[in-house]
Enquirer: 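Dropping the structure in here first, questions after.
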Amino acid sequence: HPGHPEWRRRGLGFSNKEYAMYLLKSIVVVVVAVAILLIARWLFGTAQLPQRPPMGPPLVVPHTVTVRPFAERIESIGTVYANESVTITAPVSERVGQIRFSENATVKAGELLVQLENGEEQADLAEAEITVAQAQRDFERIKALRAKQVVAEQEFDTQRSALDAAVARLTAARVRFSDRAITAPFAGILGLRRVSQGALVAPGSVITTLDDLSVIKAEFSVPETFLAALTPGQKVTAHSIAWPDAVFEGTVSVINTRVDPATRAVSLQAKIPNPDGRLRQGMLLTVELRAHDRTSVAVPEQALVAYGEKQFVFVIKAGATPPTAAQREVKLGVRETGWVEITSGLAENEVIVLEGVMLLRDGAPIKLPESAAPATQK
């Protein structure tokens, strides 16, 4: 008990007098707190908090349903090929006499690129021309004598054969002479030079490359499921990682007659104008082809509300007072630049809620802008 001598050591360390004072102070604190609460209730008990006014129908933005063009977008990876491409090689064994081109130069068809040494061929050509001239004179003389019945028919035929043989040898000499002049088979851009002046080249030795890049061919494949929708002349758009901001447009030129049995895809070739030469042979392109062009009912994406796997819009009931919005399930097609194709559930010229759909429930009243009739979003 508090009067025991061990109290100060075993208890809270209070003497009898200190313990009594502690109890008294505690009672006073409790009494004062209760008094303060009673006074506060008496003073403020009759005050009322301001009440929020009841919320009216939500204000929404209407939209009139329209139709828009849609198409299936087929993306594929394509490879660039030059419209015409060839490797310039030597036709004969000979030393390089002159190099008449520069790397990356634009040349015309028939322009001389490399002149091989042709001294011997030039001499053979001159000799053949002299032989033909002599054979022609002999033939004209025999022809005149034959007209006068002075020479026999056999001699006339022999001289004519000699003339024909001389002309043939002249033609062969001209071919051998022209083989020493290597020219551009078509207009285009030359590649790297692979020979030097004075080098001995053999048939097939690579001299340079020539590409016609004014128009490029993009080869790509699409799944066979789109085969029925493919026709020559379809528009394609292409993008290159080398020119990320550029869009290259062209048309389908060739559709392969065979389907790859391993991939079940059909190969296509599209021609794309390339006047500035930015696309080079061997580059990679992302090609997009439009198929199944059509016109369908469309709504902006923001007008859709998703519940699980289903999609809904809120249709404004015409003539209702006050206006109400009815929830309606729709089926979606393809999406294109902020718009969604509606395949079923909605008709053209119906009015739906464009903004404010998250505040609505089926059949709930709504408030429309004070402006005129619902407008179509553009």
Side-chain angles (χ1 to χ4, degrees), residues 40-41 44-75 223 225-226 228-229 234-237 239 244-245 247 249 286 288-378:
R41 183 176 181 181
F44 304 104
T46 57
Q48 295 184 357
L49 295 176
Q51 299 294 321
R52 178 180 296 179
M55 295 182 61
L59 179 65
V60 300
V61 176
H63 169 78
T64 302
V65 177
T66 59
V67 294
R68 289 174 60 89
F70 286 94
E72 302 291 343
R73 295 182 178 270
I74 312 167
E75 284 196 357
T225 53
F226 295 101
Q234 280 182 296
K235 292 184 178 181
V236 299
T237 56
H239 301 268
D245 298 328
V247 178
E249 297 183 348
T286 301
E288 185 179 273
L289 175 68
R290 293 174 62 93
H292 299 139
D293 287 309
R294 59 193 180 275
T295 301
S296 304
V297 171
V299 299
E301 287 183 326
Q302 65 192 93
L304 295 173
V305 179
Y307 293 105
E309 297 182 355
K310 297 182 178 180
Q311 297 286 340
F312 298 86
V313 295
F314 282 92
V315 181
I316 299 175
K317 292 184 177 180
T321 304
T324 58
Q327 181 176 294
R328 185 185 299 176
E329 183 180 359
V330 293
K331 300 296 183 182
L332 307 186
V334 300
R335 296 175 184 261
E336 188 172 290
T337 60
W339 292 83
V340 183
E341 180 187 22
I342 304 298
T343 58
S344 65
L346 204 58
E348 184 181 2
N349 295 325
E350 287 192 279
V351 182
I352 63 173
V353 176
L354 178 64
E355 296 182 10
V357 292
M358 302 308 296
L359 304 175
L360 302 180
R361 56 183 177 82
D362 188 21
I366 58 174
K367 182 180 179 181
L368 297 175
E370 296 181 359
S371 56
T376 301
Q377 176 177 334
K378 301 196 176 183

Enquirer: Apply side chain to side chain contact (heavy atoms under 4.5 Å, CB included) to Val330 and Val297, showing your working.
Expert: CA-CA 11 Å; Val330 293; Val297 171; over 6 Å; no
Enquirer: If you apply the rule side chain to side chain contact (heavy atoms under 4.5 Å, CB included), what do you find for Leu332 with Ile342, and how did you get there?
Expert: CA-CA 5 Å; Leu332 307 186; Ile342 304 298; 3.6 Å; yes
Enquirer: Restricting to non-hydrogen atoms, name the atom on Asp362 and the atom on Phe314 that form the minimum distance, rounded to 0.1 Å.
Expert: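 Scanning both residues completely, I find the closest heavy atoms to be N-CE2, 3.9 Å.
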Enquirer: Atom CD1 in Ile352, atom CG in Leu346: separation rounded to 0.5 Å?
Expert: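 Here the rounded value is 6.0 Å.
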Enquirer: Okay, side chain of Gln234, backbone of Ala229: is any donor-acceptor separation there less than 3.5 Å?
Expert: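 Such a contact is found between Gln234 side chain and Ala229 backbone.
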Enquirer: So, taking the atom named CG in Leu59 and the one named CG in Leu359, what distance separates them when rounded to the nearest 0.5 Å?
Expert: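 Taking CG in Leu59 and CG in Leu359, the distance rounds to 9.5 Å.
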Enquirer: Taking all non-hydrogen atoms of both residues, which atom of Leu368 and which atom of Ile366 are closest, and how far apart?
Expert: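 Shortest heavy-atom contact: CD2-CD1, 4.0 Å.
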Enquirer: Measuring from atom CD of Glu249 to atom CD of Glu288, what distance do you get when rounded to the nearest 0.5 angstrom?
Expert: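 Spacing of CD (Glu249) from CD (Glu288) equals 11.0 Å.
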Enquirer: Keeping the roles fixed (side chain from Glu341, backbone from Val334), state whether a donor-acceptor pair exists under 3.5 Å.
Expert: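 Yes, the answer is positive, given that a donor and an acceptor are paired below the 3.5 Å cut-off.
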Enquirer: Apply salt bridge (Lys or Arg N to Asp or Glu O under 4.0 Å) to Arg68 and Glu336, showing your working.
Expert: CA-CA 10 Å; Arg68 289 174 60 89; Glu336 188 172 290; 5.3 Å; no
Enquirer: At their closest point, which heavy atom of Asp293 faces which heavy atom of Ala71, and how far apart are they?
Expert: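 Taking every non-hydrogen atom into account, OD1-CB, 3.1 Å.
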Enquirer: Could you state the interatomic distance from OG1 (Thr337) to CD (Glu301), rounded to the nearest 0.5 Å?
Expert: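 One finds 8.5 Å between OG1 of Thr337 and CD of Glu301.
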Enquirer: Kindly compute the distance separating OG1 (Thr324) from NZ (Lys317), expressed to the nearest 0.5 Å.
Expert: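 One gets 4.5 Å once the value is rounded to the nearest 0.5 Å.
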Enquirer: Do the non-hydrogen side-chain atoms of Val313 and Val65 ever get within less than 4.5 Å of each other?
Expert: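 No, every pair of side-chain atoms sits at 4.5 Å or beyond.
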Enquirer: Kindly say whether Gly345 contributes a backbone atom to a donor-acceptor pair with the side chain of Arg328 at under 3.5 angstrom?
Expert: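 Confirmed, Arg328 side chain pairs with Gly345 backbone.
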Enquirer: Using side chain to side chain contact (heavy atoms under 4.5 Å, CB included), reason through Arg294 and Glu72 one step at a time and then give a plain yes or no.
Expert: CA-CA 9 Å; Arg294 59 193 180 275; Glu72 302 291 343; 3.3 Å; yes
Enquirer: To the closest 0.5 Å, what do you measure between CD (Glu75) and OG1 (Thr286)?
Expert: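 Going from CD on Glu75 over to OG1 on Thr286, the span is 7.0 Å.
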Enquirer: Nearest heavy-atom pair of Val351 and Pro62: which atoms, and what distance?
Expert: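 So the two residues come closest at CG1-CB, 3.8 Å.
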Enquirer: I want to check something: taking the side chain as every heavy atom from C-beta on, are His239 and Val247 in contact at a cut-off of under 4.5 Å?
Expert: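 Heavy-atom side-chain distance check passes, below 4.5 Å.
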Enquirer: Mind listing the closest non-hydrogen atom pair of Pro223 and Ile74 along with its distance?
Expert: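 Where Pro223 meets Ile74 most closely, the heavy atoms are CD-CG2, 4.4 Å.
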Enquirer: Between Pro58 and Leu360, what is the shortest heavy-atom contact and its length?
Expert: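 Taking Pro58 first and Leu360 second, the nearest heavy atoms are CG-CD2, 3.6 Å.
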